[in-house]
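Here is the structure we will look at.
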Amino acid sequence: MKDNRLDFYKDFSITLFHWYSHNQRDLPWRHTQDPYKVWLSEIILQQTRVDQGMPYYYNFIESYPTVSSLANAHLDDVYKLWEGLGYYSRARNLHKAAKIVVEQFNGVFPNSYNGLITLPGIGDYTASAISSFCFNEVRPVLDGNVFRVISRLFGIKEPINKPASRKIFKDILNELIDKHSPASFNQAIMEFGAVHCKPKQPKCDECIFQEKCFAFSMNKQSDYPVKVKPKKSITRFFNYLIVGEGDDIWIKKRSNSGIWSNLHEFPLIEGQDIFNTELIDETVKIIKVSKATKHILSHQNIYAKFYRVKDVDASFLEGCIKVKKSSLPDYAMHRLMTRFLEEEQSFM
DNA sequence: AATACGGGGGA
DNA sequence: TCCCCAGTATT
């Protein structure tokens with residue numbers, strides 16, 4: 001069964017490369033085999049759309065042209081450049097990996113999958129991408145695009161977000177990948193998934209694989225890929241205290257774990273199942289209160305209120321730092337904070 | 001094996 | 001609303 005299936009697809013790469021040569025986007029990281037730049041692009045693009053990550057890629061290349069310059073940077077500056085992109089552990093691991101490359105590998109990136117995957121922030125996908133793109137190692141990439149393409153072509157119903165399903169896809173890809181052009185194969189199959197075999201409204205009516213695609217032959221494209229429902233999000237209530245006299249303002253760096261780790265924000269009092277209005281009423285003098293705003297994360301729905309207050313008990317400022325309002329832009333913050341600062345100047 | 005971890009775009 | 005995005009680390 002498996003052999004027949006793969007025989008049927010033995011000219012897959014030729015067809016794919018033909019499509020790729022006519023349809024590929026011009027992306028900056030495709031013009032280089034410098035592992036530093038490829039690595040940077042791959043970390044930025046983890047769970048991130050190309051359009052969203054592109055400006056960050058340019059900013060990082062400009063601020064840190066080499067792995068040494070990144071390794072020598074202050075972590076807080078790296079966070080600042082990452083601000084707004086999300087999944088902030090990527091910024092921490094980016095910096096950590098750069099230091100390892102410089103201090104342990106003499107500034108030279110590992111030139112193999114097995115070496116690359118030892119670096120923090122580099123998992124199976126990223127190690128496969130870098131080792132194939134830069135060193136022509138035969139390592140198939142398996143990202144969201146590839147999952148979708150393979151599941152439709154072969155009619156695979158194993159949920160793509162279950163770890164156990166990975167082997168099924170990897171086995172197929174290891175047969176399918178062009179052993180002579182692993183870099184082009186990986187680029188092409190991801191690009192095909194991104195711009196042609198899209199999640200919604202795939203271009204099946206003009207598809208090079210019409211004859212071969214299981215999903216198309218059954219007219220069941222929308223049934224693939226199969227995915228198990230994610231767990232429901234939890235709800236939290238954040239009360240932010242805006243404290244400070246004159247040009248001074250108090251902020252705090254979040255802990256090294258949990259959401260928004262190591263990013264800055266106003267002193268926070270989290271409510272239990274509702275906003276802590278009573279507690280705040282009794283404890284501080286409220287000058288002004290914002291409306292509740294909803295901020296959505298993958299696993300949490302956060303309702304936030306901002307309170308301009310005075311006469312705050314010192315215990316609320318435990319671990320906080322006093323900074324000038326004008327220097328707030330120097331501190332890396334999460335989107336909930338930057339959005340508030342953009343839109344609610346009247347509180348400052 | 002399951003869960004945590006952002007933010008934004010598109011239907 | 002819901003789904004998805006060039007996934008990884010932790011539990």
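Naming convention: chains lettered A, B, ... in sequence-line order (proteins, then strands); numbering from 1 in each chain. Just so we're clear, the structure is a prediction, and the values are computed from it rather than from any experiment.
- Counting any heavy atom pair closer than 4.0 Å across all strands shown, A:N186 reaches no nucleic acid atom.
- Judged by closest nucleotide on DNA chain B, A:P163 is the one of A:Q52 and A:P163 placed further toward the 5' end.
- With a heavy-atom cut-off of 4.0 Å to chain A, the contacted part of DNA chain B has its first and last nucleotide at B:dA1 to B:dG9.
- The residue among A:A127 and A:I160 whose nearest nucleotide of DNA chain C is located toward the 5' end is A:I160.
- C:dA6 and B:dC5 have their P atoms separated by 23 Å, with the value rounded to a whole Å.
- Residue contacts for A:R339: at a heavy-atom cut-off of 4.0 Å it reaches the sugar-phosphate backbone alone, with no base atom in range.
- Tracing side-chain contacts under 4.5 Å through hydrophobic residues (I, L, V, M, F, W, Y), one never reaches A:V108 starting from A:V38; they form parts of separate clusters.
- None of A:T293, A:I296, A:I259 except one satisfies the side chain to side chain contact (heavy atoms under 4.5 Å, CB included) rule with A:I302; the exception is A:I259.
- Aromatic rings from A:F209 and A:F192 are positioned such that their centres are separated by under 6.0 Å.
- For the pair A:E191 and A:L119, nearest-nucleotide mapping onto DNA chain C gives the more 5' position to A:E191.
- Using cut-offs of 30° and 60° on the angle between ring planes, the pair A:Y303 and A:F237 is parallel.
- Taking CH2 of A:W250 as the start and NZ of A:K322 as the end, the distance is 5.5 Å to the nearest 0.5 Å.
- Between A:F147 and A:F169, the gap from one ring centroid to the other is short of 6.0 Å.
- In this pair, A:F306 and A:F266 present their aromatic rings perpendicular. The plane angle is above 60°, beyond the 30 to 60° band.
- Across all strands shown, A:R92 has no heavy atoms under 4.0 Å from either base or sugar-phosphate atoms.
- Clustering of Ile, Leu, Val, Met, Phe, Trp and Tyr side chains at separations under 4.5 Å places A:Y113 together with A:I117.
- A:G258 comes within contact range of the sugar-phosphate backbone alone, with a heavy-atom separation under 4.0 Å but no base atom that close.
- Residue-level contact check: A:W82 touches neither bases nor backbone, having no heavy atom under 4.0 Å from any strand.
- Among the atoms of the strands shown, only primed sugar atoms or phosphate atoms (P, OP1, OP2) are found under 4.0 Å from some heavy atom of A:R335.
- With a cut-off of 3.5 Å on both Watson-Crick or G-U wobble distances, the partner of C:dC2 is given as B:dG10.
- Outside the 6.0 Å centre-distance limit, the rings of A:F154 and A:F214 are not counted as a close aromatic pair.
- Backbone-only engagement by A:I122 is indicated by non-hydrogen atom pairs under 4.0 Å involving sugar-phosphate atoms exclusively.
- A:K229 comes within 4.0 angstrom of sugar-phosphate atoms only, judged by non-hydrogen atoms across all strands, and of no base.
- Note on A:T126: only backbone sugar-phosphate atoms sit closer than 4.0 angstrom, heavy atoms only; bases stay farther off.
- Within the 4.0 angstrom heavy-atom criterion, base atoms lie near A:T48.
- Residue-to-nucleotide proximity on DNA chain B shows that, of A:K200 and A:I259, the 5′-proximal contact is made by A:I259.
- Comparing the same atom, P, in B:dG8 and in C:dT8 gives a spacing of 22 Å after rounding to whole Å.
- Within the nucleic acid shown, A:G84 comes within 4.0 Å of sugar-phosphate atoms alone, with no base atom in reach, counting heavy atoms only.
- For DNA chain C, the outermost nucleotides in 5' to 3' order that have an atom under 4.0 Å from a heavy atom of chain A are C:dC3 to C:dA9.
- Using a 4.0 Å heavy-atom cutoff across all strands shown, A:P120 reaches sugar-phosphate atoms only and no base atom.
- Within the model, atoms CG of A:L119 and NZ of A:K99 stand 14.0 Å from one another, a figure rounded to the nearest 0.5 Å.
- Heavy atoms of A:Q187 sit under 4.0 angstrom from at least one base atom.
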